[in-house]
Amino acid sequence: MIYEETYRYLLRNVSSTEFDTCLYALLHSDWDGVIQSPLHRMARGVGTTEKYLKQIIKKFTASQGVHQKVFVPVQQDGELLYKFNLGPAGILGFDRKIDRYCKKYRFFYSDAFKGLSIHGKRLLLMAAFRMSVSKSEEVLFDYSEIVPDGRSLFTRKRLLGAIDAVHAALGHVVTIAFACQAFSKKEVLVFTFNEGTLKQYLENRAERTWLRKTIFNSGFLGDISDSVCMELERVGKYIYRSFLQEAASSGISADIQQELLTLARFVYSHSLKKFAYALPANKHLLLAPKQASAYLSKIIYNETLEQMAKYAHQAESIKSLLDRGPFHREISEKALGRRVNDREVTDHIEPILHKHRQADFIRRVLNDWSEKWLIARVKKVPEAGKVAAIADKQPASDYMTSIRNDTYSELDKLMALIRKYGSHAIAPAVRYAPLANKKKSLQAFFAIQKERLPSHTIQTS
């Protein structure tokens, strides 16, 4: 989407090639806004040389006055890429009900459009944005909206030149005509797009490019079909949205939300790599998209448990530091060169308190997510008295036992790791208490669920 923030930037702050560079970035950005394209491919897509594109990138990565940086350099798997920094990334921070945006119409990426001057491009963008918002292929502008008194992008001469250029290059897509309003007698400009233009837009496939690249770089060289990719993306999208759902409703700080975003990408990426390692021995998954997504989902569940354990241990480690009250008072007095009161000590250790809030909040988000994941899987077990309909044809009791044993095994493994490698400043029982408590609560949960099963189950043929 071309969000309103991006739209306004394009209308006033870019050259013709810079305009095309931004449009290219929007079409090739993944869920985090990272442009999944190396420099040579981006230059070819924009229609310029690598040398000139580097100059554009230099401008876009510098401060833009009242605007934030347009591009932010990022390292991804050892490769220098750029994050498009105007407006929210495609999957995040977007509210379809209130956010205004323009779709990435096909004509934006045509050679005819790229050949227009900046005035022709701005004029068409204004019309396309209004078409997208109004969902009408005929849109109207008061002349004063385009050529107002005072400062303006257009003079009448520039406007007439832009109209002629648009007609010459894209007259098969849109026609532009002057008219007079019946009642006000004001001069207006009417844009009439061809029927069907609203539906002629390009889909962003950058996330799919990243997915295939991640699996390929992890050692699996086979083809991943679009149907399998779509199912894997659905699982990844769920990770992002569910991690952030709690954050959005909790009013937490932006840096904690960003930490959750980073964690969502890490969990998804790390799980995809494990999925790729397993593919050579499980090639049947490539023919069964739903089974592939279920397999990835189980890997993500285990990865989330591991991350929850890490954040729980981090929270406990920070808490053990916070509990050393006299130590913090001594440090605060040395820093300020005088005796301090309790409030001043609290202010001095605020960064540590914030780090503890962050670790504990993320632990709770991951804990809630893993519980919801487990409950959703257990719901697949038939209610008492119903015939078992498990995908792998296991009886309901065996399916429940499999879920339970897998979960206990993962928790036991994580507790063993924390006992061995966790902070020795924390007593062992305290060190793995969050996981031990989780296992205890799950034991009660599974006991209740087992009581709901019939005394025998019927295996479907």
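Not measured: the values here are computed from a predicted model.
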Item to check | Candidate pair His354 and Ile256, rule side chain to side chain contact (heavy atoms under 4.5 Å, CB included), full reasoning | outcome: CA-CA 10 Å; His354 179 75; Ile256 297 180; 4.1 Å; yes
Item to check | Arg364 vs Asp368, salt bridge (Lys or Arg N to Asp or Glu O under 4.0 Å): CA-CA, chis, key distance, verdict | outcome: CA-CA 6 Å; Arg364 285 186 281 115; Asp368 291 347; over 6 Å; no
Next on the checklist: Under the criterion side chain to side chain contact (heavy atoms under 4.5 Å, CB included), I'd like the reasoning laid out for Trp369 against Tyr301: C-alpha separation, chi angles, the key distance, then a yes or no.
Outcome noted: CA-CA 9 Å; Trp369 185 91; Tyr301 171 69; 4.2 Å; yes
Item to check | CA sep, side-chain torsions, deciding dist, call: Ile57, Leu39, side chain to side chain contact (heavy atoms under 4.5 Å, CB included) | outcome: CA-CA 10 Å; Ile57 290 174; Leu39 198 65; 3.3 Å; yes
Checklist entry - Could you walk me through whether Leu296 and Ser271 pass the side chain to side chain contact (heavy atoms under 4.5 Å, CB included) check? => result CA-CA 7 Å; Leu296 176 64; Ser271 299; 4.0 Å; yes
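Taking the side chain as every heavy atom from C-beta outward, Leu123 and Phe191 approach each other to under 4.5 Å. Counting heavy atoms from C-beta outward, Asp30 and Gln76 have side chains that approach closer than 4.5 Å. Between Ser218 and Leu279 the shortest side-chain heavy-atom distance does not fall below 4.5 Å. Using a 4.5 Å heavy-atom cutoff, the side chains of Thr6 and Phe84 are in contact. Counting only heavy atoms from C-beta outward, the side chains of Asp226 and Arg208 approach each other to under 4.5 Å. Within the 4.5 Å cutoff, side-chain heavy atoms of Arg234 are placed close to those of Ser293.
Here the straight-line distance linking atom CG of Leu272 with atom OG1 of Thr214 works out to 6.0 Å at 0.5 Å rounding. Note: Gln200 CD to Lys103 NZ = 11.5 Å, rounded to the nearest 0.5 Å. Atom CG in Leu125 sits 11.0 Å away from atom OH in Tyr105 (nearest 0.5 Å). The CZ atom of Phe243 sits 5.0 Å away from the CG atom of Leu366 when rounded to the nearest 0.5 Å.
Ion pair Lys213/Asp77 not flagged as a salt bridge, since none of the NZ, NE, NH1 or NH2 atoms sits closer than 4.0 Å to an Asp/Glu carboxylate oxygen. Taking 4.0 Å as the cut-off between side-chain N and carboxylate O, Lys310 and Glu306 count as a salt-bridged pair. The pair Lys274-Glu303 meets the salt-bridge criterion, with a side-chain N (NZ, NE, NH1 or NH2) lying under 4.0 Å from an Asp/Glu carboxylate O.
For the side-chain contact (heavy atoms from CB on, under 4.5 Å) test with Glu233, the passing option among Trp210, Tyr268, Tyr238 is Tyr268; the others fail. Just one of Val235, Leu232, Leu285 meets the side-chain contact (heavy atoms from CB on, under 4.5 Å) condition when paired with Tyr295; it is Leu285.
The heavy-atom pair separating Cys22 from Leu10 by the smallest distance is CB-CD2, 3.7 Å. Looking at every heavy atom in both residues, Gln36 comes nearest to Arg41 through O-NH1, 4.1 Å. Between Ser29 and Asn204 the shortest heavy-atom distance is O-ND2, 2.9 Å. Contact between Val139 and Ser134 at its shortest, heavy atoms only, is CG1-OG, 3.8 Å. Pairing each heavy atom of Phe220 with each of Ala276, the nearest pair is CB-O, 4.0 Å. Among all heavy-atom pairs drawn from Tyr24 and Tyr109, the shortest one is N-CE2, 4.1 Å.
Remark: Arg130 qualifies as a cation-pi partner of Phe141 under the 6.0 Å distance and 45° angle criteria applied to the six-membered ring.
Checking side-chain atoms of Lys104 against main-chain N and O of Ile2 turns up no donor-acceptor pair under 3.5 Å. Here the side chain of Thr61 pairs a donor or acceptor atom with the backbone of Lys58 at under 3.5 angstrom. A distance-only check finds a donor-acceptor pair linking the side chain of Asn85 to the backbone of Lys69 [under 3.5 Å]. Between the side chain of Asn13 and the main chain of Tyr9, a donor-acceptor pair closer than 3.5 Å is present.
Of the N and O atoms on the side chains of Thr17 and Ser15, not one donor lies less than 3.5 Å from an acceptor on the other residue. Residues Trp373 and Ser297 bring a donor and an acceptor atom of their side chains to less than 3.5 Å of each other. Side-chain atoms of Ser132 and Tyr201 form no donor-acceptor pair, as typed in the model, at a separation below 3.5 Å.
Relative ring orientation between Phe107 and Phe193 is described as parallel, the plane-to-plane angle staying below 30° on a 0-90° scale split at 30° and 60°.
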